[in-house]
Amino acid sequence: MVTRIYLVRHAEAEGNASEFFQGCTQTQLTEKGRNQLAYLSQRFGEIPLDAVYTSPYLRARQTAEAVNRHHNLPIHEEDALHEINGGDWEGKPWSVLPETYPTEYGLWTGEMWRFQAPGGESMADVWHRMTEAVSRIAKEYLGQTVAVVSHGCAIRNFLCFVEFCDAEHLADVGWADNTAVSLVEYDTDTGWKLIFKNDASHLPAEYSTLRRSQWCRYETAKEEDTP
């Protein structure tokens, strides 16, 4: 029996546009983010869904509502789907992090699986809570299709688990644009399988966040087209 899980990154929020570390900071969607949701909603209007789950953060909840616009399903909030807690990094511009926190920034860019900001959550903890939460959801909806709305770093950990089963490959997952969609399948006989990842083909170029980012370069994103 196969369960299909669509993993969706939230729409552009203030931290994405102004390029500061959002983490667990509650931020509002930007105008571009709201425009992104129109295209995301249209994409999911053609995808049958049996359930919708979301991180409790506002930017994720609003994205889940767009995913659910044509389905009118209950939206389940799951705390374990929240973004990494950045501790002292929360709210700080990306531009100051390399100089202010050289050791931690070196881990973020070179050995992401070992990263932990001062006073924040370890990347290992994100890996464990995401794999446990999404695996539990998949087993609760065996043979069905579920949309799970979460955050860039959190989703990246789960995709790494599915694709590589090894946290040391986090950098190989690539950056996801805001509202990017990934599809994974859970088979009760064979386990997890990656179908596609980080696909934002529903967005016109002018609504891409990565194309203008200084800290998550568009050219480094490893996007895969939907089959």
Side-chain angles (χ1 to χ4, degrees), residues 5-10 13 15-16 19-25 55 57 59-60 78-90 92 94 97-98 101-138 148-186 191-200 208-210 213-225:
I5 303 284
Y6 285 93
L7 295 159
V8 185
R9 189 185 182 195
H10 64 80
N16 305 116
E19 304 212 310
F20 62 80
F21 194 96
Q22 287 186 112
C24 289
T25 303
S55 153
Y57 296 168
R59 59 191 187 270
E78 173 60 57
D79 185 65
L81 299 174
H82 71 77
E83 183 58 297
I84 187 171
N85 185 329
D88 292 352
W89 281 30
E90 293 280 332
K92 289 186 169 59
W94 281 100
L97 295 177
Y101 302 95
T103 300
E104 290 82 2
Y105 191 80
L107 292 176
W108 178 268
T109 56
E111 297 178 277
M112 188 177 280
W113 70 94
R114 296 179 55 204
F115 171 79
Q116 183 173 9
E121 181 182 21
S122 72
M123 193 66 72
D125 285 344
V126 180
W127 173 282
H128 290 302
R129 65 172 166 79
M130 281 296 294
T131 56
E132 290 174 3
V134 181
S135 295
R136 172 170 45 79
I137 291 169
V148 173
V149 181
S150 185
H151 305 261
C153 184
I155 292 174
R156 189 171 187 155
N157 273 267
F158 189 75
L159 290 176
C160 186
F161 165 73
V162 172
E163 188 173 11
F164 300 107
C165 298
D166 183 349
E168 293 188 16
H169 286 279
L170 273 170
D172 297 323
V173 175
W175 295 108
D177 212 334
N178 289 105
T179 72
V181 179
S182 300
L183 176 61
V184 296
E185 291 183 347
Y186 174 73
W192 287 99
K193 179 182 179 182
L194 176 68
I195 307 303
F196 61 85
K197 67 179 179 182
N198 298 344
D199 176 62
S208 167
T209 301
L210 280 182
S213 174
Q214 296 297 309
W215 295 91
C216 300
R217 298 290 187 181
Y218 180 79
E219 58 266 29
T220 67
K222 298 178 181 179
E223 298 176 295
E224 298 185 6
D225 293 334

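- A distance of 6.0 Å or more separates the ring centres of W89 and F20.
- Of all heavy-atom pairs between C160 and H169, the closest is SG-C, 3.6 Å.
- For the 3.5 Å distance criterion, the side chains of D177 and S208 qualify, holding a donor opposite an acceptor.
- L170 and M123 get closest at one heavy-atom pair: CD1-CG, 3.7 Å.
- Ion pair R129/E132 not flagged as a salt bridge, since none of the NZ, NE, NH1 or NH2 atoms sits closer than 4.0 Å to an Asp/Glu carboxylate oxygen.
- Between F115 and E104 the shortest heavy-atom distance is CD1-O, 3.5 Å.
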- Task: Before giving the answer on side chain to side chain contact (heavy atoms under 4.5 Å, CB included), spell out for L159 and L7 the whole-Å C-alpha distance, their side-chain angles and the decisive distance to 0.1 Å.
- Result: CA-CA 9 Å; L159 290 176; L7 295 159; 3.8 Å; yes
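- Residues H151 and H82 share a closest heavy-atom pair of CD2-C, 3.8 Å.
- Side-chain atoms of E90 come within 3.5 Å of backbone atoms of C24 as a donor-acceptor pair (strictly under, hydrogens ignored).
- When all heavy atoms are compared, the tightest approach of K197 to S182 is CA-OG, 3.2 Å.
- Here the side chains of Y186 and I5 are not in contact, with every heavy-atom distance at 4.5 Å or above.
- Because its NZ or CZ atom is not both nearer than 6.0 Å to the ring centre of W175 and within 45° of the ring axis, R9 does not count as a cation-pi partner of that residue.
- A donor-acceptor contact shorter than 3.5 Å links the side chain of N16 to the backbone of A13.
- Using a 4.5 Å heavy-atom cutoff, the side chains of L81 and V134 are in contact.
- With ring centers used as reference points, W94 lies under 6.0 Å from W108.
- At least one donor-acceptor pair closer than 3.5 Å links the side chain of N198 to the backbone N or O of V173.
- Between the side chain of E78 and the backbone N or O of S55 there is no donor-acceptor pair closer than 3.5 Å.
- Residue G23 comes nearest to E83 through the heavy atom pair O-CB, 3.5 Å, listed as atom of the first residue, atom of the second, then distance.
- At least one donor-acceptor pair under 3.5 Å links the side chain of E121 to the backbone N or O of N85.
- Under 3.5 Å, the side chains of T179 and H10 contain no donor-acceptor pair of N or O atoms.
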